[in-house]
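In the text below, chain A, chain B and the rest are named by the order of the sequence lines, each starting its count at 1.
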Amino acid sequence: MNRKQLQKLGVPPDCVKLAVQALTRAAQQDQGFGLKGKRAKELVGAVLGEPRAYFEDSVWGEFAKELVADAEQPALSNIDYRTWGDEIDDAAHAQMRQACLVPTAVGAALMPDAHLGYGLPIGGVLACENAVIPYAVGVDIACRMKLSVLDLPVETLDSRRNAYKEAIMGGTRFGVGVEHHPKQQHDVLDRDWDVTRITREKKDTAWRQLGTSGSGNHFVEFGELTLEARDDELGLDAGRYAALLSHSGSRGPGAAVCSTYSAIAQRNLPRRYANLGRLAWLSLDSEEGQEYWAAMNLMGEYAAANHAVIHRLVTSLLGAHVVAGVENHHNFAWKEFHHGKEVVVHRKGATPAAAGELGVIPGSMADPAFVVRGRGEPSSLCSASHGAGRCMSRRQAKDTFRFNAVRNDLAKRGVEVLAAGADEVPGVYKDIRRVMDAQQDLVEVVARFDPRIVRMCGDGSKAED
DNA sequence: ATGTCC
């Protein structure tokens, strides 16, 4: 009997392989019994009819157990999600509805900067029970923000402009595959990179890329931080400060971890869930799930180290010291308690916003970023947006904007862009002020950061220096 | 967002 015949008989697709193995064993034990025989059909039919009666059978036991396990696989969920903001496209909603079908999903929310992503939309928050979804964390695992407030008078942003520009140009590296020469040092290299094969193999890449910014929406910029009132936790009085803000992640190694474990998850995805595709999950009880969890957390430390090195290099070139700081992941998964039970909360392009938790939400190269304090709103799973959110694709942006023209406009508005592409100009983003208005119940604004000197990945160069 | 992976 072949696969097709077995399935016609009622064998679930995920059990066909074991049925074939059982038939082969049966044929070996009984010389007069061929695989095509009517008897084969009868035997398979009998096991299908009462699988539990065959659990101890040396020929049919394994197949029988798989039949029962397959029937007991959890059904699709169908949970609800709340949405903040009203400028979210249908495609992002469609992805969120798919995510709400994931069998382990128990909570979901969509942030006001949401837009289309792989698997879960960017700006999507998804809580699962005892399972992790690599593509609900995202390709750039632990993509993150870091703000450092400097001990230099805010006026030096103008009076010492060249020193600031040289510090950014000398201390940062942008581009796909870009590395530091010589390699930088950080304690993260002393962590255990042998937790998975892929982290072991990517450790040297990680070292070479340590302290680099990559491409896309990543940036390093100087700007002016304004506090309307003293903030004790930040340790800053009301006033204006020179500050350094960066957006970067786990570079090549994080992408390799994501693709490795999402491929495993998708390969293991039972056929009945096939249309969930890139939302494939790994049980935290499985070896693969534990490996991903360990690798993801290492990438979290690595991304934090990248920012630490960037800030170390840039502030050291500038001759500045750091007097206060805020940082947070916005592509990550955490074990947290919500509604009385422990769940895995995936935030993919979403800022953790538990009550009292500080975070940074950037706008665009010309619009303000905000230091925020979470309000711990339960229905958002204690989350907020991670930025303004794109309202135009990179492709469309290249056809719509000429970067040099935009750059001249921005210069008149007091923002000097050292390098960037047309796909990251302010016009490709929603209005950050509207996005902040839409999430007043999620975060309170602690400070505003206005960009003054900005570096992103330049156009037409994949590995510029 | 990354890098060219049988």
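Taking atom CZ of A/Arg144 as the reference point, atom C1' of B/dA1 lies 17 Å away to the nearest angstrom. Remark: P of B/dA1 and CG of A/Leu120 are 16 Å apart, rounded to the nearest angstrom. The interatomic distance linking A/Arg394 (CZ) with B/dA1 (C1') rounds to 8 Å, in whole Å. Atoms CG (A/Asn331) and P (B/dT2) sit 11 Å apart, rounded to a whole Å. With rounding to whole Å, A/Asp423 atom CG is found 12 Å from B/dT2 atom P. Here B/dA1 presents its C1' atom at 7 Å from NE2 of A/His218, a figure rounded to the nearest Å. Protein atom CE of A/Met296 is 19 Å distant from nucleotide atom P of B/dA1, rounded to whole Å. Rounded to whole Å, atom C1' of B/dG3 lies 13 Å from atom CG of A/Asp140.
A/Glu201 comes within contact range of no nucleotide atom at all, as no heavy-atom separation falls under 4.0 Å.
Taking 4.0 angstrom as the limit, A/Arg251 places a side-chain polar atom (N or O) nearer than this to OP1 or OP2 of B/dT2. The phosphate of B/dC5 has neither OP1 nor OP2 within less than 4.0 Å of any side-chain N or O from A/Ser259. A/Gln209 has a side-chain polar atom (N or O) that falls below the 4.0 Å cut-off from OP1 or OP2 of B/dG3.
Using the six-membered ring where Trp is involved, A/His330 and A/His247 have ring planes that are perpendicular, over 60° apart on the 30 and 60° scheme.
Looking at heavy atoms from C-beta onward, A/Val372 lies in side-chain contact with A/Met436 at the 4.5 angstrom threshold. Residues A/Met111 and A/Ser380 have side chains in contact (heavy-atom distance under 4.5 Å, counting atoms from C-beta outward).
Between A/Gly216 and A/Lys202, the one whose closest nucleotide on DNA chain B sits nearer the 5' end is A/Gly216.
A cation-pi arrangement, defined by a distance under 6.0 Å to the six-membered ring centre and an angle within 45 degrees of its axis, is absent between A/Arg455 and A/Phe219.
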